[in-house]
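The model shown is predicted, which means the values in this text are computed figures rather than measured ones.
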Amino acid sequence: MNARRIAIVGGGMLGMSLALRLARRGFAVTIFEHAAELGGLAAPWKLGAVTWDRHYHVMLSGDRELRALIDELGLGDRVHWKALRSAFYIDGAVHPFSTALDYLRFPALSLAEKLRLAATVAHARRERDGRALTAIGVEPWLRARGGDRVFERIWRPLLRAKLGDAYDTVAASFIWATIRRMYGTGAPQRFGYVEGGYRTVIEHLHALLERCGVRIELGTAVQTVAACDGELGLLAGEQIQRFDRVVLTTPAGIAARIAQALSQEERDRLRAIRYQGIVCASVLLDRPLGDAYVTNLADETIPFTGAIEMTALVDPRAFGGRHLIYLPRYADVNDSYYLAGDAELRIAASRALARLFPAYAPSHVRAFRVSRVPHVFALPTIGYAGRLPGFGTTQRGLYIATSAQIVDGTLNVNETLELARRAAEHIVADVHFSDAAVHEAAG
Ligand SMILES: Cc1cc2nc3c(=O)[nH]c(=O)nc-3n(C[C@H](O)[C@H](O)[C@H](O)COP(=O)(O)OP(=O)(O)OC[C@H]3O[C@@H](n4cnc5c(N)ncnc54)[C@H](O)[C@@H]3O)c2cc1C
């Protein structure tokens, strides 16, 4: 291969795994990452005296691509697995929602409604290909299967929690993918984490990338990529660096801004992809609250999507004996809670915890911190799959590989790594094709 110098913009899990694959295929890879460290959404931060994932992360036993990476990093025996409980907060009380018995006892639906809900889940599990569902709205699909009351009581609050007011524009493939991820195999799902959290994975991957010769520029925001004498010029800081190929792994809107080499139509297409952001509170407590990992909040008067008690999975010794709970709210950047200050969110979090867990008192809080991210996942709106850009672009050597291209997914690291594999295959094939064309022209 002739054109070997490749830049990857974005050092999240996608950019890192793509860099590893391309370095192993003989490319000279440079990663440009805006933040001071690698990892993106999976990166760690400090919460009081504890360092842990800024956003809650678990892996599932069925996450094959992720487990292969963890084994390759030599971390397989540092993964801890557990079956986890979940719960539902509805009509002013928390109800366990893990076993068949919990389901039978669940008071918010009649037996007939429970049967219809179970049939909806079974239907989604049986459906092997979600592509046809990308053209159908999630609301009519769920109403047709589970009925109106199940939709109003269960599905609407869950959809609103994850998708906000945009839920009625979203395709049925979203719920299909969510159900398949949680219940896909039929076997009871096990959840895992690596000792030290994602920090351990990111640090080991970072070290492996360096051993493979990948150059990593941290704290470096790429401003522009433009065509430049048959190469691509990448402006970062004051410097222009030249590459044969550039891959943008950032959210689509940022890619549109950076990629001046693209046509107006391509940039408009990227800009049209709508994103959901998040405001996510981390609360470190001196005692546990419940026994569920996730408590789904089907109550619109509570401003959070769910309560995720990390220490239901992770040994509290990892947190110096403390207990970590996350309170996320998926929201766009104009949402009043996204815009609220940390003090206001702390009051809202405290109120929510007091409603969910009567034993909670504000004096139990040892540390509190809020993460806000404007672009977490692209909303899979109806017909979305047909509007997505591919990896290749009209600018030779410039590629887009962004999590927005994950159709039928739920946004998780496993899917991100699968996307990186497909993107690497595309780029390698494209380079071989260009090389062959050059040889043919020369010979
Ligand atoms: C609250 C939350 C919970 C989650 N829970 C789970 C879970 O339990 N299990 C799971 O598997 N996954 C989970 N995920 C999803 C997982 O974190 C993502 O799938 C994955 O991290 C996406 O990686 P990415 O590289 O595609 O994107 P990102 O992590 O967003 O990476 C993009 C990178 O590009 C960089 N960048 C942007 N602009 C520029 C620029 N101009 N120049 C240079 N760099 C730039 C950013 O700084 C960032 O590092 C969760 C995510 C969130 C937010």
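- For the side-chain contact (heavy atoms from CB on, under 4.5 Å) with I325, the lone residue among L353, I308, T295 that qualifies is L353.
- To the nearest 0.5 Å, atoms CG (L285) and CZ (R366) are separated by 9.0 Å.
- Ring pair F32/F243 is perpendicular by interplanar angle, where above 60° counts as perpendicular and below 30° as parallel.
- I216 places a side-chain heavy atom less than 4.5 Å from the side chain of E210.
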Salt bridge (Lys or Arg N to Asp or Glu O under 4.0 Å) for E231 and R5? Distances and angles first, verdict last.
CA-CA 10 Å; E231 297 174 322; R5 292 167 307 156; 2.8 Å; yes

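- Contact check on E127 versus R125 returns no salt bridge, with no Lys/Arg side-chain nitrogen under 4.0 Å from an Asp/Glu carboxylate oxygen.
- The shortest distance between side-chain heavy atoms of L158 and F88 falls below 4.5 Å.
- Two residues are said to be in side-chain contact when any heavy atoms from C-beta on lie closer than 4.5 Å; R211 and L208 meet this criterion.
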D332 and R274: CA distance, side-chain angles, deciding distance, salt bridge (Lys or Arg N to Asp or Glu O under 4.0 Å) verdict:
CA-CA 10 Å; D332 80 39; R274 289 169 62 198; over 6 Å; no

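- Applying the side chain to side chain donor-acceptor pair (under 3.5 Å) test to every pair with at least one member in residues 36-47, sequence neighbours left out, gives no pairs at all.
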Verdict with reasoning, R372 to D342, per salt bridge (Lys or Arg N to Asp or Glu O under 4.0 Å):
CA-CA 10 Å; R372 293 175 188 78; D342 288 7; 2.7 Å; yes

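- A salt bridge does not link D168 with R156: none of the charged nitrogens is closer than 4.0 Å to a carboxylate oxygen.
- Proximity of L22 to I6: side-chain heavy atoms (C-beta onward) are separated by under 4.5 Å at one or more points.
- For E195, the side-chain hydrogen bond (donor to acceptor under 3.5 Å, both in side chains) test picks out R78, H80, with sequence neighbours left out.
- With a 6.0 Å cutoff to the six-membered ring centre and a 45° limit on the axis angle, K82 does not count as a cation-pi contact of Y293.
- Aromatic ring orientation, F174 versus F377: parallel (interplanar angle below 30°, classes split at 30° and 60°).
- Residue R422 qualifies as enclosed at atom CZ: its count of foreign heavy atoms under 6.0 Å is above 12.
- By the 6.0 Å contact criterion, CZ on R160 is enclosed, its count of non-hydrogen atoms from other residues, nucleotides or ligands being greater than 12.
- In this structure, R131 places its CZ atom where only 12 or fewer heavy-atom neighbours from other residues, nucleotides or ligands lie under 6.0 Å away.
- In this structure, H34 places its NE2 atom where only 12 or fewer heavy-atom neighbours from other residues, nucleotides or ligands lie under 6.0 Å away.
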Dump the intermediate steps for salt bridge (Lys or Arg N to Asp or Glu O under 4.0 Å) on E65 and R21, then the final yes or no.
CA-CA 13 Å; E65 199 93 33; R21 288 183 179 278; 3.2 Å; yes

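- Listed by chain and residue number, Y326 satisfy the ring pair (Phe, Tyr, Trp, His ring centres under 6.0 Å) test with Y56 (two or more places apart in sequence, or in another chain).
- Between M59 and V79 the shortest side-chain heavy-atom distance falls below 4.5 Å.
- No side-chain donor from either of R369 and S282 sits under 3.5 Å from a side-chain acceptor of the other.
- Taking the side chain as every heavy atom from C-beta outward, H57 and V413 approach each other to under 4.5 Å.
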Would H123 and W141 satisfy ring-ring contact (aromatic ring centres under 6.0 Å, His included), going step by step from the backbone distance to the final call?
CA-CA 11 Å; H123 181 97; W141 192 81; 5.7 Å; yes

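- Other residues, nucleotides and ligands place more than 12 heavy atoms under 6.0 Å from the CZ atom of R271.
- Taking the six-membered ring for Trp and thresholds of 30 and 60 degrees, Y337 and F304 have ring planes inclined between 30 and 60 degrees apart.
- For F191 and W81, the gap between ring centers reaches or exceeds 6.0 Å.
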